[in-house]
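As a basis for the values below, the full set of heavy atoms in this structure was taken, side chains included, without hydrogen atoms, waters or symmetry mates. In what follows, every chain begins at residue 1, and chains take the letters A, B, ... in the order their sequences are listed. If you're wondering where the values come from, they're calculated on a predicted model, not measured in any experiment.
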Protein chains: 2
Amino acid sequence: MVFNLGVLGALASDRFAGRVEALGIKPKHAALLAALDDGSAASQQELATRLGVVPSLIVALADQLQELGAVERVRDPEDRRRQMLTLTAEGRRLLARCAETAEAVDADLTDGLTPAQRTALARHLRTLGERQLPH
Amino acid sequence: MVFNLGVLGALASDRFAGRVEALGIKPKHAALLAALDDGSAASQQELATRLGVVPSLIVALADQLQELGAVERVRDPEDRRRQMLTLTAEGRRLLARCAETAEAVDADLTDGLTPAQRTALARHLRTLGERQLPH
DNA sequence: CTGAATCATTCGAGCTGTGAACGATATGGA
DNA sequence: TCCATATCGTTCACAGCTCGAATGATTCAG
């Protein structure tokens, strides 16, 4: 079961990566956009802990998203060491397209399953995620 | 759902990797041992295609497993270019411990689920795997 | 017998993520 | 006020992983 879960997860991630590549980004960028979407503005340090990655990685991701016009960097007037990241309108558009991509991959993945099987699988994965993942 | 599947798969793989590290190997080694177990002896080339990796990777994996005494390399008398890999008794022991490890990770992952939920999840993953994975 | 193909192996290259330094700023205590 | 210490963002060099091309040995076809 671990192996099944492992390879299926890798398969799903690869397919998503392959599709968002057409948007000029990688899955990590999408994760950053999603993290910015709920909670709005946030310092890069906070985003690093929220995503569970090292701060230097946020720098690279934010650089590239900034070039795409998806995020803006603004110095926090309260603490001028902090760079506050915010989603732009373009960033929200990009995030929406990421969501569409995810749904397309979902449909692709569950192709051939009955609607009942599909929802049952989604429910099981959700409960497993709630038990295993920090939230 | 893609994201849930992706992160859960990565989580499962990481946990398995962390545990088999105590056996001195990595998940890829376990995959190679498992591939050798059904089908017995096989050339490295064949194993490469069977596992979907490049032949040069098999070389490194076989080197390390040979050092552990888990596999043996024997030139095929029919075609002296081929190196036939075979499991040793030690290799079978190692594979058995990998299986135990996988079960432990399974138990860990499904901790808190009812037996019914557990089997339902396993069944769903299996059907999804049969539909999506080449076999 | 010779040229092309196949197998295992080695080696170099690209990509990713990490950890250590650094400069700028902030904070707390003498 | 001043100084030591901590924090934030950034850069950079480095290790780990996998792939692809080149090599040598061997086999096969004509």
Side-chain angles (χ1 to χ4, degrees), chain A residues 6-7 9-11 13-18 20-21 24-32 35-36 39-67 70-86, chain B residues 6-7 9-11 13-18 20-21 23-32 35-36 39 41-67 70-86:
Chain A
V7 301
L11 183 70
S13 298
D14 282 355
R15 289 195 184 165
F16 180 76
V20 289
E21 201 174 3
I25 62 174
K26 294 184 176 283
K28 299 259 171 186
H29 298 106
L32 180 53
L36 278 177
S40 209
S43 74
Q44 300 187 187
Q45 202 77 209
E46 187 186 341
L47 288 167
T49 64
R50 204 186 290 180
L51 293 181
V53 297
V54 82
S56 53
L57 185 54
I58 303 288
V59 176
L61 295 176
D63 282 352
Q64 292 152 359
L65 287 175
Q66 199 172 20
E67 261 182 52
V71 303
E72 273 180 348
R73 262 192 256 242
V74 165
R75 287 248 168 240
D76 182 358
E78 310 266 325
D79 184 340
R80 303 215 329 276
R81 291 171 301 182
R82 288 200 193 112
Q83 296 269 41
M84 303 303 281
L85 290 185
T86 61
Chain B
V7 301
L11 183 70
S13 298
D14 282 355
R15 289 196 184 166
F16 181 77
V20 290
E21 202 174 3
L23 304 178
I25 63 174
K26 295 186 174 281
K28 299 260 170 187
H29 298 108
L32 180 53
L36 278 176
S43 74
Q44 300 186 188
Q45 201 77 209
E46 187 186 341
L47 288 166
T49 64
R50 204 187 290 180
L51 292 181
V53 297
V54 82
S56 53
L57 185 55
I58 303 289
V59 175
L61 295 176
D63 281 352
Q64 292 153 357
L65 287 176
Q66 199 173 20
E67 261 183 51
V71 303
E72 273 180 348
R73 261 193 257 241
V74 164
R75 287 250 168 237
D76 182 356
E78 312 266 325
D79 184 339
R80 303 216 327 277
R81 290 170 301 181
R82 287 199 194 114
Q83 296 269 39
M84 303 303 283
L85 290 185
T86 61

Can you see if the side chain of A:Q44 gets near the phosphate of D:dC8 - specifically, an N or O under 4.0 Å from OP1 or OP2? no
What does nucleotides 13-30 of chain D look like as a protein-contact string, B for base, S for sugar-phosphate only, - for none, at under 4.0 angstrom between heavy atoms? ----SSSB-----BS---
Looking at every heavy atom in both [X] and [Y], which two are closest together, and how far apart are they?
X     : Y     : answer
A:S13 : B:G6  : OG-CA, 3.6 Å
A:A30 : A:I25 : N-CD1, 4.3 Å
A:A35 : A:R50 : O-NH1, 2.9 Å

B:M84 and B:S43, any side-chain heavy atoms less than 4.5 Å apart: yes
Nearest-0.5 Å distance, CZ of residue B:R82 to CZ of residue B:R75: 11.5 Å
Rounded to the nearest 0.5 Å, the OG1 atom of A:T49 sits from the CD atom of A:Q44 at a distance of 12.0 Å
Taking any atom under 4.0 angstrom from a heavy atom of chain A, which nucleotides of DNA chain C are the first and last to qualify, 5' to 3'? C:dT16 to C:dA26
Side chain to side chain contact (heavy atoms under 4.5 Å, CB included) with B:L85: which of B:V74, B:L36, B:L65? B:L36
Is B:R75 touching bases, backbone alone, or none of the nucleic acid, heavy atoms closer than 4.0 Å? nothing
Would you mind writing out the side-chain donor-acceptor pairs for residues 56-64 of chain A within the sub-3.5 Å range, not counting sequence neighbours?
{"unit_1": "A:D63", "atom_1": "OD1", "unit_2": "A:R73", "atom_2": "NH2", "d": "2.2"}
{"unit_1": "A:Q64", "atom_1": "OE1", "unit_2": "A:H29", "atom_2": "NE2", "d": "2.6"}

